[in-house]
Amino acid sequence: MNGLLITGTDTGVGKTVVASGLARLLRQTGYRVGVLKPVETGWEGPPGSWPPDARMLAEGACVDDPPEQVVPCVYAEPLAPLVAARRANRPVDLNRIEAAWQQLQDRDWVLVETAGGLSVPLTDTLDYAGLAARWKLPVLVVARPGLGTLNHTFLTVHYARSRGLPVVGVVICGYPSHPNVAEQTNPAMIEAMCHVPVLGRVPRRPTLTSADEAAAAVAEGLSLEAFLNRYAELQHRVTHD
Ligand SMILES: Nc1ncnc2c1ncn2[C@@H]1O[C@H](COP(=O)(O)OP(=O)(O)OP(=O)(O)O)[C@@H](O)[C@H]1O
Ligand SMILES: [Mg+2]
């Protein structure tokens with residue numbers, strides 16, 4: 001099984017869009033794909049209903065796993081998991097998360113989406129970087145295209161490395177058709193500053209609300225071949241170093 005943690009430089013940067021679209025590309029290539037959003041916050045629906053990220057991930061991957069498999073922990077308040085958990089008096093259930101992960105071990109690919117960024121805490125002692133380390137997941141960083149992204153991306157990549165996580169690359173989400181100077185120059189600067197490839201520029205759409213739209217945008221902006229080659233190269237390095 002090939003695993004991947006899809007994180008971002010911030011909340012709302014396009015992690016779900018990229019994860020869902022990438023899941024679809026892998027699925028269309030014939031892989032059996034699993035998706036996991038260990039914790040989703042900001043959802044108040046009844047138990048067994050679909051929070052929006054989990055739904056888009058499942059629809060992207062074309063899986064019929066139930067919501068509690070795709071998103072084992074849900075909180076109503078739109079907060080970091082640890083904070084939402086404290087306020088709900090219900091700690092993040094790592095056993096449920098681990099069980100959901102174990103259920104996916106027979107898939108060819110498993111894509112895991114963080115809530116917010118890599119240092120966001122799930123418990124007092126575990127953040128998403130710790131979860132990625134536990135599950136041996138390389139990291140894909142989704143970043144914004146514009147001014148400010150150099151610093152956010154650099155910090156995320158360096159935090160990943162400081163925790164021993166291989167970084168597959170960066171995907172810029174929401175790249176405009178008429179980029180300004182910052183947007184034009186950022187991809188090359190990210191590569192130079194972070195020493196990772198920018199694997200895609202997912203185009204900015206007027207609206208993007210469905211898994212099919214995410215799949216189309218990601219197919220346009222990201223080369224699956226480049227992603228797979230880079231992933232394979234990293235895995236080779238990890239196992240031979
Ligand atoms: N390429 C794009 N073009 C237009 N809108 C986009 C694009 N990518 C993402 N969006 C929109 O931006 C918003 C945030 O995207 P998304 O939900 O994928 O971010 P996220 O990083 O997963 O956020 P969260 O931290 O809440 O999980 C959504 O409303 C989505 O539809
Ligand atoms: Mg999301």
Side-chain angles (χ1 to χ4, degrees), residues 4-25 35-45 50-61 67 70-84 92 97 110-122 127-129 131-132 137 139-146 148-149 152-153 155-157 159-160 169-180 183 186-187 198-223:
L4 184 71
L5 188 85
I6 300 184
T7 191
T9 54
D10 199 355
T11 185
V13 294
K15 295 183 297 291
T16 304
V17 164
V18 170
S20 175
L22 180 57
R24 181 69 61 83
L25 285 182
V35 283
L36 183 60
K37 175 95 180 179
V39 185
E40 185 159 346
T41 67
W43 177 247
E44 288 205 71
W50 282 102
D53 281 22
R55 179 190 289 276
M56 192 182 265
L57 293 173
E59 289 179 356
V70 178
V71 59
C73 291
V74 177
Y75 292 94
E77 287 192 289
L79 297 166
L82 173 62
V83 183
V92 168
I97 292 173
V110 178
L111 309 186
V112 180
E113 186 195 338
T114 62
L118 201 54
S119 73
V120 165
L122 295 133
D127 66 4
Y128 279 99
L131 193 68
L137 297 176
V139 172
L140 184 71
V141 178
V142 180
R144 295 186 205 281
T149 206
H152 290 153
T153 307
L155 292 175
T156 299
V157 169
Y159 180 55
V170 173
V171 173
I172 294 172
C173 189
Y175 201 78
S177 48
H178 300 289
N180 62 28
E183 290 158 343
N186 279 338
V198 172
L199 292 167
R201 298 177 197 191
V202 176
R204 184 178 297 168
R205 302 285 203 230
T207 62
L208 205 166
T209 50
S210 71
D212 287 348
E213 289 167 334
V218 170
E220 191 177 316
L222 185 144
S223 151

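These numbers were taken from a predicted model, which means no experiment stands behind them. For ligands, and for the atoms within them, numbers begin at 1 and follow the listed sequence.
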(message) Just to confirm my output: which protein heavy-atom neighbour is closest to atom 14 (C) of ligand 1, and how far is it?
(response) Gly12 O, 3.6 Å

(message) Looking only at protein heavy atoms, which one is nearest to atom 26 (O) of ligand 1, and what is the separation?
(response) Thr11 OG1, 3.6 Å

(request) Decide whether Tyr175 and Asn186 meet the rule of one side-chain donor and one side-chain acceptor closer than 3.5 Å. (result) no

(message) If we set the cut-off at 4.0 Å for heavy atoms, which region of Val18 has an atom near ligand 1: side chain, backbone, both, or neither?
(response) neither

(request) Classify the contact between Glu213 and ligand 1 as side chain, backbone, both or neither, using a heavy-atom distance cut-off of under 4.0 Å. (result) neither

(request) Starting from atom 1 (N) of ligand 1, locate the nearest protein heavy atom and write down its residue, its atom name and how far away it is, to 0.1 Å. (result) Pro203 O, 2.8 Å

(message) Under a plain distance cut-off of 3.5 Å, with no hydrogens placed, do Asp53 and Thr16 share a side-chain donor-acceptor pair?
(response) yes

(message) Counting non-hydrogen protein atoms only, what is the nearest one to atom 10 (N) of ligand 1? Give residue, atom name and distance.
(response) Val17 CG2, 4.3 Å

(request) Return the minimal non-hydrogen interatomic distance between Leu118 and Thr156, and the atom names on each side. (result) CD2-O, 4.0 Å

(message) Any heavy atom of Cys173 closer to ligand 1 than 4.0 angstrom?
(response) yes

(request) Please list, chain by chain and in numerical order, all residues satisfying salt bridge (Lys or Arg N to Asp or Glu O under 4.0 Å) with Arg201, sequence neighbours excluded. (result) none

(message) Please find the pair of heavy atoms, one from Val120 and one from Ala80, that lie closest to each other, and give the distance.
(response) CG1-CB, 3.9 Å

(request) May I ask you to identify the nearest protein heavy atom to atom 31 (O) of ligand 1, giving residue, atom name and distance to one decimal place in Å? (result) Leu208 O, 2.4 Å

(request) Report the nearest protein non-hydrogen atom to atom 3 (N) of ligand 1: residue, atom name, distance rounded to 0.1 Å. (result) Arg205 N, 2.9 Å

(request) Check the Mg ion (ligand 2) and write out every protein N, O or S atom at under 2.8 Å, as residue and atom. (result) Thr16 OG1, Asp53 OD2, Glu113 OE2

(request) Just jot down the ligand 1 atoms closer than 4.0 angstrom to any heavy atom of Val13, in number order. (result) 19 (O), 20 (P), 21 (O)

(message) For Glu220, is there an ion pair with Arg205 - N to carboxylate O distance below 4.0 angstrom?
(response) yes

(request) Using distance alone, determine whether Lys15 and ligand 1 share an N or O pair under 3.5 Å. (result) yes

(message) Using a 4.0 Å cut-off to any heavy atom of Gly174, which atoms of ligand 1 qualify?
(response) 1 (N)

(message) Looking at every heavy atom in both Pro81 and Pro121, which two are closest together, and how far apart are they?
(response) CB-O, 3.7 Å

(message) Test your reading of the structure: does Gly14 have an N or O sitting under 3.5 Å from an N or O of ligand 1?
(response) yes

(request) Locate the shortest heavy-atom distance separating Arg24 from Glu59; write the atom from each residue and the value. (result) NH2-O, 2.8 Å

(request) Would you tell me which option among Thr16, Val142, Thr209 has the nearest heavy-atom contact to atom 22 (O) of ligand 1? (result) Thr16

(message) To check you understand the geometry: which heavy-atom pair defines the closest contact between Ala115 and Val39, and what is its length?
(response) CB-O, 3.7 Å

(message) Please work out, at 4.0 Å between heavy atoms, whether the side chain, the backbone, both, or neither of Glu113 comes within that distance of ligand 1.
(response) side chain

(message) Using the side-chain contact (heavy atoms from CB on, under 4.5 Å) definition, which of the options Leu22, Val110, Ile6, Leu57 pairs with Val35?
(response) Leu57

(request) Could you tell me whether atom 29 (O) of ligand 1 has at least one protein heavy atom nearer than 4.0 Å? (result) no

(message) Out of all atoms in ligand 1, which are within 4.0 Å of some heavy atom of Arg204? Include the element for each.
(response) 1 (N), 3 (N)

(request) Decide whether the shortest distance between a heavy atom of Lys37 and an atom of ligand 1 is less than 4.0 Å. (result) yes

(request) May I ask whether Glu40 has any heavy atom positioned less than 4.0 angstrom from an atom of ligand 1? (result) no

